[in-house]
Structure formats: C-alpha cells, structure tokens
Undergrad: 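Before we start, here is the structure in question, set down as structure tokens.
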Amino acid sequence: MPNLLNGQPYNPQEVENRIYQIWEKSGYFNPDKLPQRHKKSFTIIMPPPNANGSLHIGHAVFVALQDIIIRYQRMKGKKTLWLPGADHAGFETQVVFDKKLEKEGRSRFQIPRAELYKEMLEFTLANKKIMEGQLKKLGASCDWSREKFTLDGNIVKIVYRTFEKLKKDELLYKGKRIVNWCPKHQTSLSELEIKYIEKTDPLYYIKYGPLELATVRPETKFGDTAVAVNPKDKRYQQYVGQEIEIETVLGQAKIKVIADEHVDMNFGTGAIKVTPAHDPDDFEIWQRHKNEIPEPKQVIDKYGKMNALAGPYQGLKVKEAREKIVQDMIQKKLLDPAKTDPNYKHNVATCYKCGTTIEPMILDHQWFIKMTMRPKNGRLSLRDLAVKAVKSGKVKFATKRFEKIFFHWMKNLKDWNISRQIPWGIKIPDSGTEDVFDTWFSSAQWPFASLMANKKNDFKKFYPTDVMETGWDILFFWVARMIIMGLYATAQPPFRYVYLHGLVRDKERQKMSKSRGNVIDPLGIIDIYGADALRMALVVGNAPGNDPIIYEEKIRGYRNFANKIWQASRFVLMNTEDFKLKTKPKLNQRDKKRLRELNRFKKEITKLMETFKFHKASEKLYHYFWHVFADKIIEENKPRLRHENKKEKIAAQYLLLETLKITLKMLHPFMPFVTEAVWQNIKNRDSKLLIVEKWPE
RNA sequence: GCGCCCUUAGCUCAAUGGUAGAGCGUUGCAUUCACAUUGCAAAGGCUGUUGGUUCGAUCCCAACAGGGCGCACCA
C-alpha cells in the first residue's frame with residue numbers, strides 16, 4: 001500500500017487495483033464469509049449487463065448506486081449479497097452481432113444455425129470476461145463466487161419449469177397469430193419492441209364495386225377477405241351480409257360485407273377493407289367473424305415483398321408495389337386521384353432497433369402469455385398479481401412518479417408474444433419450431449432464478465431481495481415483468497424496493513451515443529481520474545429518476561476531492577503519530593461543539609442513506625469533509641498541535657483523528673478506494689479493513 | 001386521445017407553508033505552513049405567467065405558456 005506520508009498527490013492508478021485485490025482476498029464480498037456481527041441478510045441482484053460489448057457510462061451509474069447501497073448495508077452489519085451476472089441479451093445481442101457480421105461482409109442468414117450459435121456464444125463469453133474486469137475496476141463489491149449467466153444450464157431449467165407451470169395454469173397459448181414482424185431482423189417483436197413514428201403518406205380512395213373506401217395500403221388488397229362497415233351506419237346497411245361484385249386490377253371478384261363495431265363511421269368513407277394477414281386490427285375483426293369470412297390470405301412475404309397472390313406485382317417491395325398498383329388502378333378508374341389526400345398523417349410501427357417498418361404477419365407456433373386472464377385455478381391474473389403487490393406496498397418505488405407510470409402501463413397491458421425467430425437465445429421447448437424465447441421472458445425470472453440456481457439455500461436465505469436498482473428505461477421491459485413473474489413463480493415479490501436511475505446525458509442533455517460522438521468511456525475516465533471520482537460525479541446531484549448529466553469538469557472536481565481526502569488525511573496522520581488511544585483528552589467548548597456538530601451530521605447522513613437519497617448524502621459529505629473538516633476544523637487546530645501545553649495538543653489530535661475516521665467511514669460507500677487506502681495508513685484503526693467497519697451512528 | 005413529469009443563480013441540480021442552497025463557472029486577493037488537484041473573499045435569484053387558498057406560497061390548488069416523456073391509435 002502506498003505510504004500516504006510520502007507527500008505525493010493521490011494516485012488512483014497506484015492504489016485501486018491493489019485495494020480491490022485486498023477486498024477480494026478478504027472474502028467480505030461473500031455474505032457467508034462476513035464476520036459474526038453480520039446477521040440479517042440484505043440482497044441486491046445486479047441487473048446483468050448485456051454481454052455484447054464493453055461497459056458504458058450507464059453501467060457505471062448502476063455500479064455506483066448499487067455498490068453504495070451494498071457497502072452501506074454491509075457496514076451496518078447486514079449479511080450482504082450483491083449477486084453479479086451477465087445477460088446473453090437475446091435480440092439485443094443478435095442486432096449487435098448482425099452488425100459485426102455485416103462489417104465482415106457476412107450475413108447470419110448464410111451461416112448454419114448451429115455454427116452461428118457457437119460463434120455467438122464465444123463472442124458473448126469473451127465480452128462477459130471483459131465486463132467482469134470492468135466491474136472490478138469500478139469497485140463493485142459483488143460476490144463473484146455466485147456469478148450467473150443467463151444461459152447457464154440450471155437457469156434454463158428454471159425458465160423451462162416456469163414455462164411448464166404457465167402451460168398447466170392455462171396462461172399460455174400457442175397458435176397461428178399475427179405478430180409484429182421486422183423484415184430486416186427476420187423475427188417477431190413484442191409490443192414493447194416496436195416504436196410508432198409519425199409519417200405522412202397518401203390516403204387513397206379506392207372503388208370496391210358499389211362502395212368506396214379509404215386506405216394507405218392499396219397493395220394489400222390482394223389479401224382482403226372482407227369489407228367492414230359499422231353496424232349502425234345507415235349508408236351501408238343494405239350491403240351487410242351480402243357479397244358484392246368488385247372489379248380489381250386482376251379481374252372480377254366477390255367479397256363479403258360485414259358489420260363490426262370497430263369501424264369508425266366518421267373516418268374516410270366509413271367502410272374499410274379487411275386484411276387479416278397484414279393488419280392486427282383486421283386480424284381481430286377476422287377473429288370476431290370467423291364463420292362469415294374466408295381464412296386470411298398472406299400476400300407479403302417475410303422480406304417485405306409481394307408474393308404470388310399479388311400476380312404481376314410479385315417480387316416487388318411493398319412500397320414499389322404500392323406505387324405501381326396505384327397507377328394501374330387510376331388507369332382502370334378504380335382509384336380517383338382527385339380524392340387522394342397526399343398529406344395524411346398516421347403512426348407507423350417500426351422496429352425499435354433498426355427503424356424498419358414493421359410488417360404485421362401471421363406466424364404459426366407463436367407462444368403468447370395471457371397477461372389479463374385468470375389462471376386455471378387461480379383468482380388473479382398475472383397483471384392483477386403485480387398491481388396488487390404494488391398497491392399494497394409489498395413492492396415500493398423510490399419515486400412515486402414511476403408507480404403512477406407503472407399502473408398506467410398495467411392498465412393497457414396486452415398479451416405477450418414470447419416467440420422469437422432469431423437463433424440466439426433459449427430454445428422454446430416445442431418440437432414444432434426452432435424459435436427461442438424473448439430474452440425478457442427469462443430475464444423476468446432472474447431474481448429468483450439466479451438465487452435458485454446458486455448455492456444451496458441461497459433462495460431461502462436471500463429471497464425476496466431488498467432492492468432492485470436499474471434504469472427507468474426498462475421499467476416495462478424488465479421491472480414490471482420481474483414483479484409479475486416473481487410473484488407468479490414464487491408467490492413472493494422478487495424485491496421490496498425499486499430504485500430507478502435515469503439515462504446519462506451530456507451537458508447539452510443529449511443522450512450519449514457513438515454516432516453523436518459524445519460518449520464518455522468509463523474505463524478511460526478511470527485511467528485518468530480514478531474510479532472514486534467517476535462514481536462521485538455520477539452520484540452527486542443525481543436524484544432518482546432524473547437523467548444524470550456528466551461532463552469532464554465535474555469528474556475532475558471529484559478527482560480533486562479524492563486528493564483533498566488524501567492530503568488532509570496525511571496532515572492528520574502526520575500530526576497524530578504519537579497519539580495514544582487510551583489517553584483521555586480534555587476537550588474545550590469548541591471541541592465539544594465540533595463533536596456535537598459531527599454527531600448531528602452522522603444522523604443526517606444516515607437518514608439520507610436510509611431513504612435512498614444518495615445524491616444528497618454524497619453532496620453533504622463532500623461539503624463537510626472539505627469545507628468544515630479541512631477548511632475549518634483542521635485550520636482551527638493547527639496552532640494547538642504545536643502548542644507547548646500537551647493537553648491542548650492531545651485534545652486537538654483526538655478531535656482530528658476522531659473526525660477523520662468517522663468521515664472516512666461515511667465516505668467509504670461513495671469513494672471506496674481512496675478511503676480504504678487512507679484507512680490502511682491509520683495505525684490504530686479499529687478493523688483492518690474499512691469495508692467491514694461499523695457504520696457510525 | 002389518455003396519462004406522467006419538468007420550468008429556481010451563467011450551467012447542472014437541491015431545498016422548504018415563514019421572501020432560497022450546493023457544485024461547476026466567473027471576478028479579486030493570497031500562497032516557503034498537508035494539499036495549486038490549494039486557501040480567503042466577492043458578484044450573481046421579484047423560484048415560467050396569471051389567478052386562488054392562507055396571517056404568510058417558490059412550496060398547496062386552478063388555468064395558461066414553454067419543454068420532456070410514457071401509453072394508445074383506426075383503414
């Protein structure tokens with residue numbers, strides 16, 4: 001350990017790796033190896049980072065916050081478990097890997113499935129290893145002996161068990177269903193994985209025999225199986241239930257007119273074409289009128305091109321087909337160009353990853369989870385289980401705001417398509433298909449799965465966990481579904497407390513992204529300023545739920561603070577070398593006042609820690625250490641240290657050493673490295689390692 | 001359409017029913033003393049607008065303006 005007394009500025013590079021090794025060797029990251037006084041368990045399951053790249057600044061935020069909570073609770077005497085993991089991250093990793101292949105001039109569609117899987121596994125495991133080193137660099141005091149990977153055999157087993165349970169409870173159905181299909185990634189996506197973008201397209205009015213109807217997608221007309229009108233619409237009552245003769249670009253045809261409440265009389269002409277194979281609403285209409293109209297007709301293939309049913313348009317992309325068919329229909333007087341509204345604004349579903357327009361499509365063997373229906377022998381639907389748990393306070397949100405958003409989302413919950421057609425993931429146990437699970441289906445089970453698949457009795461000892469800390473951007477993707485699946489599979493909530501942090505932004509409030517060129521690489525920052533400085537910069541002023549703003553000057557400020565701690569500590573230690581603990585100091589009024597002030601401060605910080613206000617606690621600690629302890633208390637006592645009267649000197653030494661030790665302890669969760677490094681230089685320290693010191697109260 | 005949030009110092013954010021704080025930045029001064037990765041000091045705010053409740057509002061309520069976000073969405 002570097003000698004603090006050598007007079008050099010604090011050098012994190014020299015200290016951090018060594019300190020981390022000392023902690024790791026001590027075994028204190030492992031709850032089973034903590035000293036006797038640690039009794040009651042306290043658990044955080046780490047959101048497993050996606051093993052498809054390096055850690056970015058967002059990961060650093062969660063490491064900082066979770067490590068603060070864990071270190072604080074450990075010092076308080078809890079048997080703390082912070083369980084690390086890595087996520088194979090299904091679709092997300094597939095997208096990353098597809099890009100990588102593209103760069104290499106390859107494509108996943110030309111690589112045999114098994115071979116591709118093997119290559120992706122190697123890629124993921126390599127990344128996982130890199131990430132572990134990066135988590136250590138950030139100071140994460142997690143229990144590496146319990147690390148789990150989402151593709152571990154015993155995790156998969158638990159995921160299958162839940163799948164079977166859902167089947168037994170009739171909360172799962174499989175079938176030919178319409179799904180959100182991304183033609184680029186060649187997979188279906190859940191409602192959460194699509195993004196609606198407002199687009200302006202022409203709205204055409206086309207002739208269907210005696211009727212006229214409005215559409216933006218005339219190219220799907222080959223897949224029309226009916227025309228629908230509102231049952232209350234007097235204009236069309238004579239046609240309802242009848243087959244009408246229509247002329248199409250391909251010749252004469254017959255089509256049935258049906259009545260459905262869904263149709264808005266006030267939009268367009270009040271009559272719509274029904275294309276169940278390529279429109280989710282039309283699919284629903286077909287479900288309601290199965291006996292009246294024929295089976296859906298697929299006219300667009302998986303690549304977004306017209307198929308054989310489109311006759312002369314076969315092979316054309318949807319957009320090209322549309323332009324062509326519009327021209328042809330104008331010629332045949334089936335479309336009146338004068339009526340076309342060229343500026344019709346509507347929302348188009350796109351893939352949240354690539355922006356490709358979603359092509360709704362009917363696929364077979366699609367598994368869906370019923371979110372709002374009651375299970376076979378149960379009273380509450382999956383949704384109601386979760387809503388009840390949050391309403392009753394069994395699961396609490398650190399920020400009320402997110403509770404409201406959570407309820408609102410739950411209200412609109414739809415069934416969840418958990419089938420994906422990509423190779424990367426956990427295979428669905430279904431002989432009819434090669435599909436894999438939506439990665440969030442297994443992630444939703446992570447808190448209990450990672451404990452059950454771990455050491456004996458871990459589940460019993462550490463579940464339900466205490467805090468789930470993650471970004472608010474995955475509130476629905478992950479947090480809500482963990483609550484749902486946790487309650488369903490274990491009859492207990494997966495965690496008691498939800499703390500959601502925001503998305504890291506730069507000074508202009510821009511999201512950080514490679515394309516914007518504003519990314520701050522946490523590892524690069526650590527190399528320059530140290531992990532403590534980065535952690536503080538990410539925590540101070542970062543209230544839960546707000547987007548933290550980070551810039552280099554801020555980080556530099558906390559690097560300076562780390563040095564301040566180092567230098568002030570040096571001064572105190574230099575001047576207290578001859579101080580004996582046993583000596584009883586004779587304190588004056590000012591000393592007593594300072595100690596009372598420190599006492600109040602301890603209480604204040606503890607209260608902030610208990611209420612998860614780390615953004616405040618860190619700020620106050622910074623202020624106290626620098627502007628009260630260093631600027632005032634040390635300065636006030638400098639003359640006394642040189643005083644001829646021994647008693648004065650001893651009193652000053654006592655006051656300085658006591659204040660230093662207590663502030664170091666309170667700073668430790670936030671800046672673990674520099675505080676531990678100083679602690680190692682204190683001769684008469686209580687415990688050998690600051691990491692297991694008692695939290696001052 | 002439904003819903004949520006924000007608006008406070010140049011910037012980033014706090015706080016409280018009794019006319020507001022911190023960091024960064026800015027300006028001036030200091031510096032053989034633990035620390036220039038420093039110290040001392042200063043400037044800087046009718047808390048978005050308009051009403052209401054109150055003895056008193058930045059805080060509670062209503063409306064408005066601007067900004068952000070979530071959900072839904074129909075041809």
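Order of the sequence lines fixes the chain letters, A, B, ..., with proteins taken first and strands second; residue numbering starts at 1 for each chain. The basis for the numbers below is simple: all heavy atoms, side chains too, and nothing from hydrogens, waters or symmetry mates.
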Undergrad: Regarding A:D547 and A:W472, is there a side-chain donor-to-acceptor distance under 3.5 Å anywhere?
TA: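 Yes - a donor-acceptor pair under 3.5 Å links their side chains.
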Undergrad: With rounding to the closest Å, how many angstrom separate the P atoms on B:rC6 and B:rC13?
TA: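 One P to the other, the span is 13 Å.
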Undergrad: Would you measure the distance from the C1' atom in B:rC60 across to the matching atom in B:rG21 and give it in whole Å?
TA: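 Each nucleotide's C1' atom is 22 Å from the other's.
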Undergrad: Look at the side chain of A:E191 and the base of B:rA72, then say whether one donor and one acceptor between them are separated by less than 3.5 Å.
TA: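 When only heavy-atom distances are counted, A:E191 does not reach the base of B:rA72 through any donor-acceptor pair under 3.5 Å.
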Undergrad: Compare the minimum distances between each of B:rU37, B:rC71, B:rG70 and the side chain of A:I405, then state the nucleotide with the smallest one.
TA: B:rG70
Undergrad: Any donor-acceptor pair, under 3.5 Å, between the side chain of A:K638 and the base of B:rA34, if you only look at N and O atoms?
TA: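 Such a pair is found, so the answer is yes.
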Undergrad: Name the closest nucleotide to the A:E553 side chain, picking from B:rU38, B:rC24, B:rG3.
TA: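 When the side chain of A:E553 is considered, B:rC24 is the closest of B:rU38, B:rC24, B:rG3.
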Undergrad: Taking the same atom, P, in B:rG1 and in B:rG51, what whole-Å distance lies between them?
TA: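 My reading of the P atoms in B:rG1 and B:rG51 gives 28 Å.
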Undergrad: B:rC35 base to A:N563 side chain: any donor-acceptor pair below 3.5 Å?
TA: no
Undergrad: Side-chain donor-acceptor pair under 3.5 Å between A:T275 and A:D224, yes or no?
TA: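 Distance-only check passes for A:T275 and A:D224.
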Undergrad: Can you see whether A:D201 engages A:H346 through a side-chain donor-acceptor pair at a distance of less than 3.5 angstrom?
TA: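 Result is yes, a qualifying pair exists.
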Undergrad: Round to a whole Å and report the spacing from OH of A:Y196 to P of B:rC2.
TA: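 Value for this atom pair: 19 Å.
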Undergrad: If I pick the C1' atom on B:rA22 and the same atom on B:rG45, what distance separates them, to the nearest angstrom?
TA: 14 Å
Undergrad: Can you find a donor-acceptor N/O pair under 3.5 angstrom joining the side chain of A:K564 to the base of B:rC35?
TA: yes
